[in-house]
Q: 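Here you go, one structure.
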Amino acid sequence: MSKFTKELGLLLSLFLIAAALQSFAQSLPMALCFYFLPTLYSAYFFGRRHATLTAFACVFLVILLDYFNSLFPNHHVAILPQERLFNFAIWAGILAVTGYAMGTLYERAQGMTNDLRNSFSSLLLVLQHVIVSEKRTDNESQRVIDVSTKIAETMSLGSDRIELLRSAILLRDLSELGISNDTLYKAADVTHAEVVASFEKEKVAPRTESVGNAVRRIVPIIVAAQILQDQGARASNVPIEAHILTVADAYQKLTNSSYGNPLSPQKAEEEIIAGAGSKFDPGVVEAFKKAFCERARGANA
């Protein structure tokens, strides 16, 4: 869900709450409690500044509705003059403080999450440099990352999923340092059988942000990529990231002299396109065409 959609939903909720409570509520204090819901929603999704602004918007909306209610005496529902203004001021202050405090907690948690993610990514990069220096080979993984990222961006995958894809490419190369996949399974607290079973049950990996659970979300991509190498595009319910990795891997090998006579980028693209539906996922191949083939045609033009 995009930020615009969330903000639109927040605005709609404010007006719906206001309309419903002004029409059905019999007590102003009871009606005012419901305005905490959009404030907490704003704090959870947008942070401190947005939550504080939402709290003030709620206060302004209540005052505005009270003014309109005073213009229609026959529609006499939950208006401020019947309540103590001091109590209303207390409610407004508590609402603003709640929005500020909850937004602050959200931003601190988000900052810790970002720090943890950056540390994890840095650790993966360090391990990748160790692999390169030990094996004295070209950085093939970086080329796979570049191709995968372009395909993922063309498919409009979110930044979190693209980061998981990058991490999966780096982690799978740990075998070159003598670190087996069993070590990754232990770090993720999951077995190979459980990962495969999750594909059959169409489970969604948890979206928590600790390092252990980050690995738990990466391991299925690595396992699924191995399954795709054996079964091709007919493998079902595997993550789309694994399909992207398979295409990027194939393209890198087709254009790399380390795997035999390299093909030109154009010939390699034709090989990838020819494998759509049998070796590769058609949707991923279509994104590959948009990311590379159309770019090449534009350059030649």
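Quick note: numbers below take in every heavy atom, side chains included, and nothing from hydrogens, waters or symmetry partners.
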Q: What heavy-atom pair brings V238 and A224 nearest, and what distance separates the two atoms?
A: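 Where V238 meets A224 most closely, the heavy atoms are CB-CB, 3.8 Å.
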Q: Check C58 against L95 and note the closest heavy-atom contact, atom names and distance.
A: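 Closest pair (atom of C58, atom of L95, distance): CB-CD2, 3.7 Å.
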Q: Could you tell me the separation between the CD1 atom of I151 and the NE2 atom of H243, rounded to the nearest 0.5 Å?
A: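 I151 atom CD1 to H243 atom NE2 measures 12.5 Å (nearest 0.5 Å).
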Q: Do you know the tightest heavy-atom contact between S264 and T255?
A: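 So the minimum-distance heavy-atom pair works out to O-CG2, 4.4 Å.
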Q: What heavy-atom pair brings G99 and A43 nearest, and what distance separates the two atoms?
A: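 Where G99 meets A43 most closely, the heavy atoms are O-CB, 4.2 Å.
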Q: Using ring pair (Phe, Tyr, Trp, His ring centres under 6.0 Å) as the criterion, list what pairs up with Y100, not counting sequence neighbours.
A: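 With neighbours one apart ignored, the set is empty.
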Q: Tell me, do L254 and I272 make a side-chain contact under 4.5 Å, heavy atoms counted?
A: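 In contact.
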Q: Decide yes or no for E163 and S167: does some side-chain heavy atom of the first lie under 4.5 Å from some side-chain heavy atom of the second?
A: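 With C-beta onward as the side chain, the pair touches.
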Q: So, do T98 and L40 sit near enough that their side-chain heavy atoms are less than 4.5 Å apart?
A: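 T98 vs L40: side chains touch.
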Q: Is it the case that the side chain of E241 and the backbone of L164 share a donor-acceptor pair, with hydrogens and angles ignored and the cut-off at 3.5 Å?
A: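 No; zero donor-acceptor contacts below 3.5 Å.
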Q: Which heavy-atom pair separates L157 from I162 by the least distance, and what is that distance?
A: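 It is O-CD1, 3.7 Å.
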Q: Answer yes if the ring centres of F280 and F288 are under 6.0 angstrom apart, and no otherwise.
A: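 Here the rings of F288 and F280 have centres that are no less than 6.0 Å from each other.
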Q: Can you classify the ring geometry of F46 versus H50 as parallel (below 30°), tilted (30 to 60°) or perpendicular (above 60°)?
A: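 Taking H50 first and then F46, their aromatic rings lie parallel (interplane angle under 30°).
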Q: Measuring from atom NZ of K289 to atom OG1 of T154, what distance do you get when rounded to the nearest 0.5 angstrom?
A: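 It is 13.0 Å, given to the nearest 0.5 Å.
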Q: Hey, are the side chains of I169 and R166 touching, using non-hydrogen atoms and a 4.5 Å cut-off?
A: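 When only atoms from C-beta onward are counted, R166 and I169 do not touch, as no gap falls below 4.5 Å.
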Q: Listing request: all salt bridge (Lys or Arg N to Asp or Glu O under 4.0 Å) pairs with a residue in residues 32-46, at least two apart in sequence or in separate chains.
A: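 Listed by first then second residue: nothing to list.
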Q: Closest approach of M155 and A287, non-hydrogen atoms and distance?
A: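 Answer, listing the atom of M155 first, then A287: CG-CB, 3.3 Å.
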Q: Can you pull out every side-chain hydrogen bond (donor to acceptor under 3.5 Å, both in side chains) where at least one residue sits in residues 54-63? Sequence neighbours excluded, please.
A: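 Residue pairs passing side-chain hydrogen bond (donor to acceptor under 3.5 Å, both in side chains), neighbours aside: S42-T54.
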Q: Using 30° and 60° as the class boundaries, would you call the ring planes of W91 and F36 parallel, tilted or perpendicular?
A: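 Rings of W91 and F36: perpendicular, as their planes differ by over 60°.
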Q: Would you check if Y35 and V59 make a side-chain contact, meaning some heavy-atom pair closer than 4.5 Å?
A: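 Side-chain contact under 4.5 Å: no.
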